[in-house]
A.B. asks: 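Before I ask anything, here is the structure I am working with.
Every chain is numbered from 1 and lettered A, B, ... according to where its sequence line falls, protein lines coming before strand lines.
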Amino acid sequence: MPDPVRVRFAPSPTGLLHIGGLRTALTNYLFARQAAEDGRGGTFVLRIEDTDRARYVPEAEADIRDALRWAGLALDEGPGLGGGFAPYYQSERTDLYREHVGRLLESGHSYIAFDTEEELAAMRDRLATKDNPTPRYDAATRGQMTNALTLPPDEVQRRLAAGQEHVVRLKVEPGRAVQFEDLIRGPVAFETAEVDDQVLLKSDGHPTYHLANVIDDHAMAITHVIRGEEWLPSVPKHLLLYEALGWTPPRMAHLPLILSPTGGKLSKRNADTMGIPVSVRDYRAAGYEPEALVNFLALLGWNPGTEQELFSLAELVDAYSIERTGHAGAQFDLGKLQWFNAQHLRALPAAEIAERARPAVEARVGPVEAGHLAAVAALMRERLTFAHDLADAAYFFEDPAAYDEQGVKKRWKDDSAALVRAYADRLDADAAFTEASTEAAMRDLAEAEGAGFGRIIHPVRLAVTGTTAGAGMFETLVLVGREATLRRLRRAADTLG
RNA sequence: GCCGCGUUCGUCUAGGGGUCUAGGACGCUGGCCUUUCACGCCGGUAACACGGGUUCGAAUCCCGUACGCGGUACCA
């Protein structure tokens, strides 16, 4: 019986959670949930990889949690959530890393190095050529550096006793092939000659990503490592570490990257110039529904093999299979995300759309009554891309402040004022004021005046809503209400002449 | 430069030797519906990077080239 499935999302708290990070989290979440449904365990762990104190941003963790919660990705284990593998902050696991570094030092799999940053830079400068612009610290060069492999043992001891700053490096022996089976890409192979003597323990005493990651994944019984493709090149380092520590590595899956709409890296700067949000917080602020973002992200680089495109999170859990993930980077298409947004939005109950639209609507027209707002949402749902688009239909709550210029030019004729006034008079006598009665009133008027229906309905819409577009005219009138309709009709007749 | 990973409509993708005159979705577009705008429905546009090979047969397998992306840090 295989070990119960445990996966982790291990962000570094260096800034706001990225769209790419959310995708990684989502994939891990789906993998865990599906395993859980199949009775194979399925624990989704959050681990905070705060080993880079220089880039540490205190607010980042809260942002990450907010983003996950908003997206509906519930955690099973992590800081503050319990689980038997605490602490979940790497900054609190330093002793564990030091202990294992001690083992690696003893077994000869790693060594101490004293080179300063300047010395490393000097080495690279000295060794760099046109054909080899970035020389590595590895078997070929370490003999020229200042480390426990080149210094006499007593000198090493003397320096350590004197408190000289140092790092611990992984001793990588060339001449071996390291390979593994990626869940998404299949067999991937590397030569150890291409792997550098990676720093494992930094001079500030903190581990690097590679060390902490391997130790924690093992210590936390992680069975599947699912992360972005940018990590693929560091897999051999990790595999060598697992081997040196005598551990069985977890299964690994490297997700294709999310690219900018033009194919490049979806960096913050890059995205900004294209008007694309990059942090989850920005998507939220822009009015994207979490269901839509999740659906869109899931389908970026993955498909169910059927023609279904609209998925809820629960449906994704059932349909997901990591083997069906594509291998190539996927360009981000904001237009398609917006389509997903419209689809998910209109699938919501009217009352829910109303509540999601409420902040934007109230910012525009002040407090609105829930029932009325829901009725407006029900009428307008098919015309919305974002919930906040409902605020554009402010005429349901207040008289139009202006009339669409183009619309007036096109629809407001010489006889419009008279017809609108006449229609107002008829509605004045219409006590019922229903969709049927208001429509009948207009048809009667059209017939009595010998005017085309369009001669009346368009000016009426302009008068009542200030625009030329919108839902059914009579449904709109009923929602606007009798008093407001009459007032607007007469006012438009006066002001537009 | 080197290493790794990729490459089907503009974009997301289906497809894994014959069923591919390459399917779906977004976008764009023609029409229908509707005396508004949308929605919906019907239609159109548009792709197997290139060159060799294997095979009776290749979008699918192999090799090479080109191009793209990632990595090449005491960042993750």
Side-chain angles (χ1 to χ4, degrees), chain A residues 10-15 49-52 54-55 113 115-117 120-121 124 128-137 165-169 182 184-185 188-191 193-196 198-210 212-213 227-236 254 256-257 259 261-265 296 299-310 324 326-340 342-343 346 380-385 407 410-411 446 452-458 460-462 465 467-473 476:
Chain A
S12 192
T14 54
E49 308 222 329
D50 53 351
T51 57
D52 185 348
R55 292 202 304 152
D115 317 274
T116 63
E117 244 173 86
L120 289 174
R124 292 188 182 111
T129 62
K130 177 171 65 65
D131 289 342
N132 180 21
T134 51
R136 281 186 288 267
Y137 198 121
E165 284 209 339
H166 62 277
V167 300
V168 176
R169 287 180 179 272
D182 189 275
I184 292 172
R185 292 155 207 283
V188 182
F190 301 85
E191 292 294 328
E194 302 293 338
V195 182
D196 69 326
Q198 177 65 49
V199 168
L200 301 176
L201 204 59
K202 300 186 260 191
S203 57
D204 66 1
H206 282 95
T208 55
Y209 169 86
H210 305 92
N213 201 256
R227 80 247 276 197
E229 193 185 348
E230 70 271 25
W231 294 111
L232 197 49
S234 51
V235 169
H254 294 269
L257 264 20
L259 276 17
T262 49
K265 189 175 180 173
F296 172 73
L299 257 29
L300 217 48
W302 174 84
N303 79 87
T306 66
E307 287 186 351
Q308 181 177 355
E309 303 227 48
L310 262 16
R324 288 195 61 85
H327 299 184
Q331 289 181 214
F332 192 91
D333 181 356
L334 204 61
K336 190 145 190 179
L337 205 210
Q338 288 173 359
W339 177 78
F340 274 109
Q343 298 301 316
R346 76 181 54 162
M380 299 297 285
R381 73 186 334 150
E382 246 108 63
R383 268 159 268 254
L384 306 173
T385 294
K410 187 171 172 197
R411 304 292 197 188
F453 197 58
R455 211 67 176 163
I456 307 174
I457 195 169
H458 295 306
V460 165
R461 179 179 295 279
L462 215 35
T465 71
T467 76
T468 57
M473 184 75 266
T476 301

A.B. asks: Suppose we define a pair by two distances each less than 3.5 Å, Watson-Crick or G-U wobble; what does B:G40 pair with here?
C.D. replies: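 B:C32 is the nucleotide pairing with B:G40.
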A.B. asks: Check every strand shown and say whether A:R455 touches a base, only sugar-phosphate, or nothing at a heavy-atom separation below 4.0 Å.
C.D. replies: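 The residue A:R455 makes no contact with any strand.
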A.B. asks: Using side-chain heavy atoms (C-beta onward) and a distance below 4.5 Å, is A:Y137 in contact with A:V199?
C.D. replies: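 A:Y137 vs A:V199: side chains apart.
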A.B. asks: Are A:T51 and B:A76 close enough that a side-chain N or O sits under 4.0 Å from OP1 or OP2?
C.D. replies: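 It does, given that an N or O in the side chain of A:T51 lies less than 4.0 Å from OP1 or OP2 of B:A76.
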A.B. asks: Taking any heavy-atom pair under 4.0 Å as a contact, classify A:R169: base, sugar-phosphate, or nothing.
C.D. replies: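 Sugar-phosphate only.
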A.B. asks: Please determine, for B:G70, whether a Watson-Crick or G-U wobble partner exists with both distances under 3.5 Å, and give it or none.
C.D. replies: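 Pairing partner, where one exists within any strand: B:C3.
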A.B. asks: Quick check on B:G6: is either OP1 or OP2 less than 4.0 Å from any side-chain nitrogen or oxygen of A:H327?
C.D. replies: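 So the side-chain polar atoms of A:H327 do come within 4.0 Å of the phosphate oxygens OP1 or OP2 of B:G6, strictly under.
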A.B. asks: For nucleotides B:A49 and B:C12, find the distance between their P atoms and express it as a whole number of Å.
C.D. replies: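 Roughly 14 Å separates the two P atoms.
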A.B. asks: For a quick check of understanding: with a heavy-atom distance under 4.0 Å over all strands, which category does A:S234 fall into, base, sugar-phosphate or nothing?
C.D. replies: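 Here A:S234 touches no strand at all.
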A.B. asks: Does the B:C74 base have a donor-acceptor partner in the side chain of A:T208 within less than 3.5 Å?
C.D. replies: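 No, no donor-acceptor pair under 3.5 Å.
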A.B. asks: Once hydrogens and angles are ignored, does a donor-acceptor distance under 3.5 Å link the base of B:C5 to the side chain of A:R185?
C.D. replies: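 Answer is no: no donor-acceptor pair is held.
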A.B. asks: May I ask you to verify if any side-chain N or O of A:N132 is less than 4.0 angstrom from the OP1 or OP2 atom of B:C2?
C.D. replies: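 No, no such contact exists.
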A.B. asks: Which nucleotide, in any strand shown, forms a Watson-Crick or G-U wobble pair with B:G16, with both distances under 3.5 Å?
C.D. replies: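 Checking every strand shown, B:G16 finds no partner, since no pair has both distances under 3.5 Å.
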A.B. asks: Taking any heavy-atom pair under 4.0 Å as a contact, classify A:G452: base, sugar-phosphate, or nothing.
C.D. replies: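 Base contact.
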A.B. asks: Go through it in stages, so that I can follow the logic: the residues are A:R169 and A:Q198, the test is side-chain contact (heavy atoms from CB on, under 4.5 Å), and I'd like the CA-CA distance, side-chain angles, deciding distance and then a yes or no.
C.D. replies: CA-CA 5 Å; A:R169 287 180 179 272; A:Q198 177 65 49; over 6 Å; no
A.B. asks: Heavy-atom count around A:K202 NZ within 6.0 Å, excluding the residue itself: above 12?
C.D. replies: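 Yes, because the 6.0 Å sphere around NZ of A:K202 holds more than 12 heavy atoms from other groups.
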A.B. asks: Is there side-chain contact between A:L299 and A:K336, with heavy atoms separated by less than 4.5 Å?
C.D. replies: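 Heavy-atom side-chain distance check fails, nothing below 4.5 Å.
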A.B. asks: What is the nucleic acid contact for A:F190, judged by heavy atoms within less than 4.0 Å: base, sugar-phosphate only, or nothing?
C.D. replies: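 The answer is sugar-phosphate, as A:F190 gets under 4.0 Å only of primed atoms, P, OP1 or OP2.
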A.B. asks: Is any side-chain N or O of A:R55 closer than 4.0 Å to OP1 or OP2 of B:A73?
C.D. replies: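 Looking at the OP1 and OP2 atoms of B:A73, neither is under 4.0 Å from any side-chain N or O of A:R55.
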A.B. asks: Can you tell me, in whole Å, how much space there is between the C1' of B:C50 and that of B:A59?
C.D. replies: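 14 Å, rounded to whole Å.
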A.B. asks: Name the nucleic acid region contacted by A:G472, choosing base, sugar-phosphate or nothing; use a 4.0 angstrom heavy-atom cut-off, strictly under.
C.D. replies: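 Base contact.
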